[in-house]
Amino acid sequence: MKETLRYLAGLAGPSGYGSNSTAEQVTEDCSLPSQLTAIITGATSGIGAETARVMAKRGVRVIIPARDLKKAGEMKEKIQKESPKAEVIVLEIDLSSFASIKRFCSEFLSLGLPLHILINNAGKFSHKLEFSEDKIEMSFATNYLGHFLLTELLIEKMVETAAQTGIQGRIINVSSVIHSWVKRDGFRFNQMLNPKKCSYNGTRAYAQSKLANILHAKELARQLKARNARVTINAVHPGIVKTGIIRDHKGFITDSLFFIASKLLKSTSQGASTTCYVGLSRKTEGVSGKYYADCNECSCSSMANDESEAHNLWRQSRALIHRRLRLPAAAA
């Protein structure tokens, strides 16, 4: 109740920021050591686009992976119109396709650029059951497994960049408070890959993918700490934001209820604030394996904190990807 009242009132938390803080406000005092390079998925619209705009404004080189290259090109022009010195690179990707993600990573790595920040932001909500080209339920494939593979293929570049530059690398998984809706008996790996049509529920599938995002951050944070790598990973809840995903949900809500709920929604800039705060603030340096909302560390569900669940999900995910891409056998 206290957190709800704080959210509604827009009161600042320990970080000095709260639910009303914008991405520009939380990055005003960020003094970057040098030009950083960030990959931001889902940066052609919504909070991803705002995250890219603000980071470019702060001098970060921004890589926009996109399925729609025309839309990405328009976003690049918009950013550079506001920040003429901004360096923005557009590359093609389809986050629901393992092969496409692998091509993107090869193309990015061939550029010879450092990589300081990886923001796994893109989100997909499917009303009806549909499958990716890899025959995996679309929300789980895009929101979780696509970002899992992207991170796997780029993590060594991030570790290398941190070692060479002395600048800590940061990975941010954009999750959602909706992760807490998932019950333990509703989180079965094979069932999430291939749910039955008769029992498919789009909201449940979305929530499962968002829980997986947090578990991924928890397990990878543990692994990175064990190897003394100077790379952190955290999960964030952006708040309920006026984005395309909210419009997708509107069909389930009466117009009057949506009108009332919309008054509690964050603006896009407020929604991007937590991602930008965790990605750039000196206050979050060295912090890893945590969950943030409204620019402050907060608690997540007990299941999201389950270390064995996190390790099992990581192990199953890596084994699946290695089988599909015919990579060398994965370690347990």
Side-chain angles (χ1 to χ4, degrees), residues 40-49 64-72 91-105 119-153 173-183 185-216 238 240-253 258 313 316-326:
I40 307 171
T41 68
T44 59
S45 64
I47 62 174
I64 300 180
R67 186 171 54 180
D68 187 335
L69 293 180
K70 181 182 177 184
K71 202 171 178 182
L91 297 174
E92 187 173 14
I93 196 172
D94 177 352
L95 273 166
S96 71
S97 163
F98 293 160
S100 177
I101 295 165
K102 191 177 178 184
R103 283 193 300 272
F104 164 81
C105 291
I119 300 177
N120 293 320
N121 165 82
K124 170 73 177 177
F125 179 91
S126 296
H127 287 300
K128 60 183 180 181
L129 179 58
E130 54 182 324
F131 293 93
S132 69
E133 67 178 43
D134 298 298
K135 296 181 173 56
I136 296 168
E137 189 277 320
M138 190 62 81
S139 292
F140 198 67
T142 305
N143 301 348
Y144 168 63
L145 279 173
H147 285 126
F148 179 94
L149 176 57
L150 184 68
T151 306
E152 281 284 294
L153 296 177
N173 283 357
V174 178
S175 181
S176 170
V177 70
I178 201 176
H179 81 272
S180 61
W181 295 7
V182 182
K183 306 301 180 186
D185 60 2
F187 197 75
R188 298 285 181 266
F189 190 72
N190 289 331
Q191 291 176 10
M192 291 186 290
L193 294 178
N194 188 19
K196 295 179 180 178
K197 187 174 183 179
C198 60
S199 60
Y200 180 75
N201 180 289
T203 301
R204 180 174 58 214
Y206 183 77
Q208 289 167 335
S209 71
K210 291 302 173 180
L211 172 59
N213 289 146
I214 302 177
L215 291 169
H216 176 219
I240 310 302
V241 187
K242 300 170 187 175
T243 67
I245 285 181
I246 286 294
R247 289 192 296 273
D248 287 341
H249 280 78
K250 189 177 177 182
F252 293 98
I253 311 172
F258 182 81
L313 177 65
Q316 290 174 298
S317 303
R318 196 158 188 254
L320 170 71
I321 285 168
H322 277 240
R323 282 198 310 272
R324 296 293 178 90
L325 294 180
R326 297 178 181 174

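Basis for what follows: all heavy atoms, side chains included, without hydrogens, waters or symmetry-related copies. For this chain, numbers begin at 1 and follow the sequence in order. These numbers come from a predicted model, not from an experiment.
- With hydrogens and angles left out, the side-chain atoms of Asp68 and Thr44 include no donor and acceptor closer than 3.5 Å.
- Here the CD-CG distance, from Glu152 to Leu325, works out to 11.0 Å after rounding to the nearest 0.5 Å.
- In this structure, Phe148 and His216 have tilted ring planes: the angle between them lies in the 30° to 60° band.
- A 4.5 Å side-chain heavy-atom check between Asn194 and Asn190 finds every atom pair outside the cut-off.
- Salt-bridge annotation for Arg67 and Glu92: absent, with no side-chain N of the basic residue lying under 4.0 Å from a carboxylate O of the acidic one.
- Annotation: the span from Glu130 atom CD to Lys124 atom NZ amounts to 5.0 Å, rounded to 0.5 Å.
- Under a 3.5 Å cut-off, the side chain of Lys210 and the backbone N or O of Val174 do form a donor-acceptor pair.
- Side chain of Ser126 to main chain of Met138: no donor-acceptor pair is present (N/O by atom type, distance under 3.5 Å, no hydrogens or angles).
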Evaluation steps, side chain to side chain contact (heavy atoms under 4.5 Å, CB included), between Leu91 and Leu69: CA-CA 8 Å; Leu91 297 174; Leu69 293 180; over 6 Å; no
Working for side chain to side chain contact (heavy atoms under 4.5 Å, CB included), residues Glu137 and Phe140: CA-CA 6 Å; Glu137 189 277 320; Phe140 198 67; 3.5 Å; yes
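- A distance of 6.0 Å separates CG in Leu215 from CG in Leu313, rounded to the nearest 0.5 Å.
- In terms of heavy-atom proximity, Ile64 sits nearest to Ala72 at CG2-CB, 4.2 Å.
- Side-chain contact, Tyr144 with Ser317: a donor N or O sits under 3.5 Å from an acceptor N or O.
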CA sep, side-chain torsions, deciding dist, call: Thr41, Leu95, side chain to side chain contact (heavy atoms under 4.5 Å, CB included): CA-CA 9 Å; Thr41 68; Leu95 273 166; 3.8 Å; yes
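- Rounding to the nearest 0.5 Å gives a distance of 5.0 Å between CD1 of Ile240 and OG of Ser176.
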Worked check of side chain to side chain contact (heavy atoms under 4.5 Å, CB included) between Phe189 and Leu320: CA-CA 10 Å; Phe189 190 72; Leu320 170 71; 4.1 Å; yes
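- In this structure, CG in Leu149 is found 12.0 Å from CZ in Arg324, a value given to the nearest 0.5 Å.
- Remark: the backbone N or O of Tyr206 is paired with a side-chain donor or acceptor of Ser209 at under 3.5 angstrom.
- The closest side-chain donor-acceptor pair between Asp94 and Ser100, if any, does not fall under 3.5 angstrom.
- The backbone N or O of Phe98 sits less than 3.5 Å from a side-chain atom of Asp134, completing a donor-acceptor pair.
- Side-chain contact between Leu211 and Trp181 is absent, with no heavy-atom pair separated by less than 4.5 Å.
- Dense packing is recorded around CZ of Arg204, with more than 12 heavy atoms of other residues, nucleotides or ligands lying under 6.0 Å away.
- Results of the side chain to side chain donor-acceptor pair (under 3.5 Å) test with Asn120 over Asn143, Asn213, Asn173 single out Asn173 as the only residue that passes.
- A side-chain donor-acceptor contact under 3.5 Å links Gln208 to the backbone of Gly186.
- Across Leu153 and Cys105, no two heavy atoms sit closer than the pair CB-SG, 3.7 Å.
- Heavy-atom minimum distance, Pro238 versus Ile47: CB-CD1, 3.7 Å.
- A 4.5 Å side-chain heavy-atom check between Ile136 and Leu145 finds at least one atom pair inside the cut-off.
- Across every non-hydrogen atom of Thr142 and Ser96, the tightest pair is OG1-CB, 3.4 Å.
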